[in-house]
Each structure stands twice: as structure tokens, then as C-alpha cells.
2 protein chains.
Amino acid sequence: MNTLAEENYLKSIFHLSDAEESVSTNQLATLLNTKASSVTDMLKKLADKALINYTPYQGVRLTLTGEKIALNIIRKHRLWEYFLVEKLNFKWDQVHEMAEEMEHISSNELINRLDKFMGYPKFDPHGDPIPDMNGQINQHDLKLLSAIEVNDSGIICGVKNHTPNFLQYLEKQSLTIGKTIIVIEIFPFDQSMVLQTENKEVHISSEVANNLLISL
Amino acid sequence: MNTLAEENYLKSIFHLSDAEESVSTNQLATLLNTKASSVTDMLKKLADKALINYTPYQGVRLTLTGEKIALNIIRKHRLWEYFLVEKLNFKWDQVHEMAEEMEHISSNELINRLDKFMGYPKFDPHGDPIPDMNGQINQHDLKLLSAIEVNDSGIICGVKNHTPNFLQYLEKQSLTIGKTIIVIEIFPFDQSMVLQTENKEVHISSEVANNLLISL
DNA sequence: TAAAAAATTTAGATAAATCTAAAAATTAAT
DNA sequence: ATTAATTTTTAGATTTATCTAAATTTTTTA
Ligand SMILES: [Mn+2]
Ligand SMILES: [Mn+2]
Ligand SMILES: [Mn+2]
Ligand SMILES: [Mn+2]
């Protein structure tokens, strides 16, 4: 149906999209590790296929069809990540690259059966919601840890940064999905924070606080 | 490491190889649904990479490195087929095309964990042996049903033809892996056969007998 | 064993996805 | 409101895997 390159562009456009602004050529070039000229070429092709709305120099938005396809790829990515962690016992920092390949396995029948096999999980190992077969996402609203106050408490429900380094750091500090934390102190100098976790106090940088998603 | 096209060529060369003769350009073109000239181009590339021994006009053989790679792809193919049938409840005639995609997922760590997860199966849903992580195959020697005599009995252990049509036919006749059969009669006119299966007599064509592998 | 047939390779093109360098358009700054 | 900086697009190449048509080599047949 669509090539591997096209699928990766659609997924990236989806991830860069927000309600207000359209996605720029350079944003895509950065995320996809490619050159702006290559992006322009691909945008023309995706526009020809009616998967994006593209006005030269004005960036792009996904069409409804394009969004459906993007959500299906993300569904596959997250279900495979869940499989790798829950069934094959990989750590949460090991699965992203494998899922980048597996998300392109084409069969929807396969992914729907995998979904059933695992009991229809709602979130992937990084706390990201898994779209259902109709593209519906169970979106709960989360706050960045850096946006909450001293004495507030909450549950870690997601990460913004998915790099193995960050995930390994969190694992080591027991700052993993589902853990409850309380903000004990915020140092105004560098916005670093002291957290009370289930068994100990942890001092984290603002960089870390900026990449942890909390449900209050 | 190797491209998808390269992997498919290596696998095809492996499947077409036998002890005596080398594999010809045309054999590969037929199996891969491509043109002889395309095959020649690829053979040069694989020879440059030292994955095959190629003498123009004389066909090819895999090098030891090439064979290792081919066996690893076949291992992945068969383990994924086993997964699809045993864990996701697909029928044996539904899994081949999906496995054609999945065999190219690169991680060996993944495939080794999948192997463990499933309890180190020795044969895929079609009775084909699954190479272990060192490329060792548990080869038991099977005979074509068409090569055995009246009153001989045996167990169905494999199929030579893997098309959905053939597999669906076998399913319907209860001629599936593990079933015991006895040859009741062979008609000299067309080499068709009457078999005694566990619950009934079945009359099969020589075409069918030519594609069923039996252990005596 | 020479001609005919078949198999294989070479030459030259094409489509997809990428690149560099240059041109054009947009945005920001004086 | 010009000029300067930034962003984006166009033009022209490159790489990979294909293809068709023609040339070459091998094999078969008479
Ligand atoms: Mn991921
Ligand atoms: Mn994830
Ligand atoms: Mn198969
Ligand atoms: Mn099989």
C-alpha cells in the first residue's frame, strides 16, 4: 500500500502535529534525520496520494486518511513494544528500535490478534496510549512534572523522552510507570527537584522533570 | 547489514541448492518472480560481498557465510510461522505471507527470546525443521508419499508445496502433520492412491502424493 | 560439428529515495 | 520598507533494484 519511507513520514507528521500549527519541512528533516530537499520531494508525493494537505512554504497537515494510517502504524508500534516487554521480557529501554521495524508488518489481522492475545492493553511500556483498531486513543491528561508545585503528589504515567539513556536512568532511580511521587522541594536556582518516592528521596534535574508525565 | 532484496536472494539460493548442482540464474528468476538480467546484477553484488561463489554462466553456490545468513532468515521465518499458529491461532495456510515480512526483522536477540518463549519448537506448522541459533537443522529423512508402496504406512511429517490451496485441501481431508496413513491401493493408470487415514479412506491424485512427506 | 535453441550477460532506461548546490520565497532585523 | 537571515523549493546527481532489448555464451539438435 504505502512504502516504508511514506509510513515513516506519516508517523513523524502525526507526532509533530498539534492543534494550532502545521508541521514544517525543517521539523520533519530534523526528526527524520534527512535533508529539507528530500522532505519536499516526499511531501509532494504524499500530497498526490491525498494523505496530507501541503501548501508550498506553508507546511503540512495530515488528511483524515493520512491520520488513520499514522494511527495504525503507532498502534502497531506500541502493541509490539508491549509484546516485547510483557511476553519476551525485554526492558523498556530496549524495545523502541525493534518496534520501529515491526510497525511496518502489514497485516491488520495479525495486529488485531496480537492485541487480543495480550488482553487489549491500553498503554505501551512507556505509558503511551495504544490506539484501538478504529484509531481511537484513550487519552488521559497528564502534566509535566516540571509544571507541578511543592507538596503536590502524583503517579508517573509517561515519559516525553524515549532514549535508552533516559529510560535506564529512570529505572535506576525507580522512577518508572505507576510509581507514586511527592514533590518535596524545588530549588529556584536550576529548577531541580527533590522527590519522595515509595522508598527514598531522589534529587532530579529540571531536564528530568521536563520529561516525566504525571497524573495528579 | 544486508538489504531485503539480498536476504530474499540468499534464502532462494539456499532453497534451490542441493548437494550436486549449482543454482542457475533462471531458476532464481522463476522463484523470485523477476528477470534473469536482474538476477545477474544481484549475483554480482552478492559475490562482491563474498556471500556466494559465482562464475558467469555457471550458476552459484552459497559460501559458508552466505549459508549462515540464509539459515538465520529461514529460522526467523519458521519461528514466526510457529508463533502465528500456536499463539495467535492462525491456520497453517494463512501464515506464510506474513512470515515473509517478519523474517526480515533484524534482531537476533528478539528471535532467540521468541524461540525460548515458545519452548524451542523443532518444526514449523508445515513440518519444516527450525534451525537453531547456530544454524543446525534437525533433519529427519522423509520420503515422498508417491515413492512408497501399497500396504506401507507412515506419518505425515511435511509438505513440499506450501500454497494455501494445497494446505486447505489437506486440512479438509484431514491429511495434516502428525496423521498416520496406510497406502491401500495405487492405480497404475494415473498413479493416484487410496489412503486409509485414522477415520476414513481418501482417494488422492499423484499431484497430492508428490507433495506429501512421510516418515515410515 | 555446425547450426539452432536456450540460457545468461551486458547495455541502457526507469522509479524510488536520497543527496548537494543554487534559486526563490518567507520571515526577521535594522 | 529595505536589507539580511532563514526556510523552503528546484535542478541535477547518485544509489538500489528493477526492466527491455540486444549481444554473448552454452547447450542441444540434427
Ligand atoms: Mn517506541
Ligand atoms: Mn513506546
Ligand atoms: Mn513459509
Ligand atoms: Mn513453513
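In the text below, chain A, chain B and the rest are named by the order of the sequence lines, each starting its count at 1.
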**Student:** Counting only heavy atoms and a strict 4.0 angstrom limit, can you tell me which residues of residues 1-35 of chain A come near DNA chain D?
**Tutor:**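 Within residues 1-35 of chain A, the residues near DNA chain D are A/Ser24, A/Thr25, A/Asn26.
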**Student:** Could you tell me how far apart A/Met42 (CE) and C/dC19 (C1') are, to the nearest whole angstrom?
**Tutor:**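 For the pair A/Met42 CE and C/dC19 C1', the rounded distance is 14 Å.
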**Student:** Tabulate below the donor-acceptor pairs under 3.5 Å that side-chain atoms of residues 134-149 of chain B make, not counting sequence neighbours, or state none.
**Tutor:**
residue	atom	partner	partner atom	Å
B/Ser146	OG	B/Asn210	OD1	3.1

**Student:** B/Val85: which residues meet the side-chain contact (heavy atoms from CB on, under 4.5 Å) condition with it, sequence neighbours left out?
**Tutor:** B/Val95, B/Pro125
**Student:** Which residue pairs satisfy the side chain to side chain donor-acceptor pair (under 3.5 Å) criterion with at least one member in residues 63-76 of chain B, sequence neighbours excluded?
**Tutor:** B/Arg75-B/Asn112, B/Arg75-B/Asp115
**Student:** Does NZ or CZ of B/Lys87 lie under 6.0 Å from the centre of the six-membered ring of B/Phe117, at an angle within 45° of the ring axis?
**Tutor:**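 Ring-cation test returns yes.
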**Student:** Not counting sequence neighbours, which residues clear side chain to side chain donor-acceptor pair (under 3.5 Å) with B/Asn161? List them please.
**Tutor:** B/Thr163
**Student:** Would you give me the side-chain donor-acceptor pairs under 3.5 Å for residues 20-28 of chain B, sequence neighbours excluded?
**Tutor:**
residue	atom	partner	partner atom	Å
B/Ser22	OG	B/Gln58	O	2.9
B/Ser24	OG	B/Gln27	N	3.1
B/Ser24	OG	B/Gln27	OE1	3.4
B/Gln27	OE1	B/Ser24	N	2.8

**Student:** My understanding is that only residues two or more places apart in sequence, or in another chain, count here; which of them pass salt bridge (charged side-chain N to carboxylate O under 4.0 Å, His left out) with A/Glu100?
**Tutor:** A/Lys11
**Student:** How would you list, by chain and number, every residue that makes a side chain to side chain donor-acceptor pair (under 3.5 Å) with B/His104, sequence neighbours excluded?
**Tutor:** B/Glu7, B/Asn8
**Student:** With the criterion being N/O to N/O and under 3.5 Å, what pairs connect the protein with nucleotides 24-27 of chain D, and how long is each?
**Tutor:**
residue	atom	partner	partner atom	Å
D/dT25	O4'	B/Tyr57	OH	3.3

**Student:** What pairs of nitrogen or oxygen atoms, one from the protein and one from nucleotides 10-15 of chain D, lie under 3.5 Å apart?
**Tutor:**
residue	atom	partner	partner atom	Å
D/dT10	OP2	A/Lys44	NZ	2.7

**Student:** Just to verify, what does B/Glu86 make a side-chain contact (heavy atoms from CB on, under 4.5 Å) with, not counting sequence neighbours?
**Tutor:** B/Tyr82
**Student:** Could you pull out all residues at least two apart from B/Ser106 that satisfy side chain to side chain donor-acceptor pair (under 3.5 Å)?
**Tutor:** A/Glu101
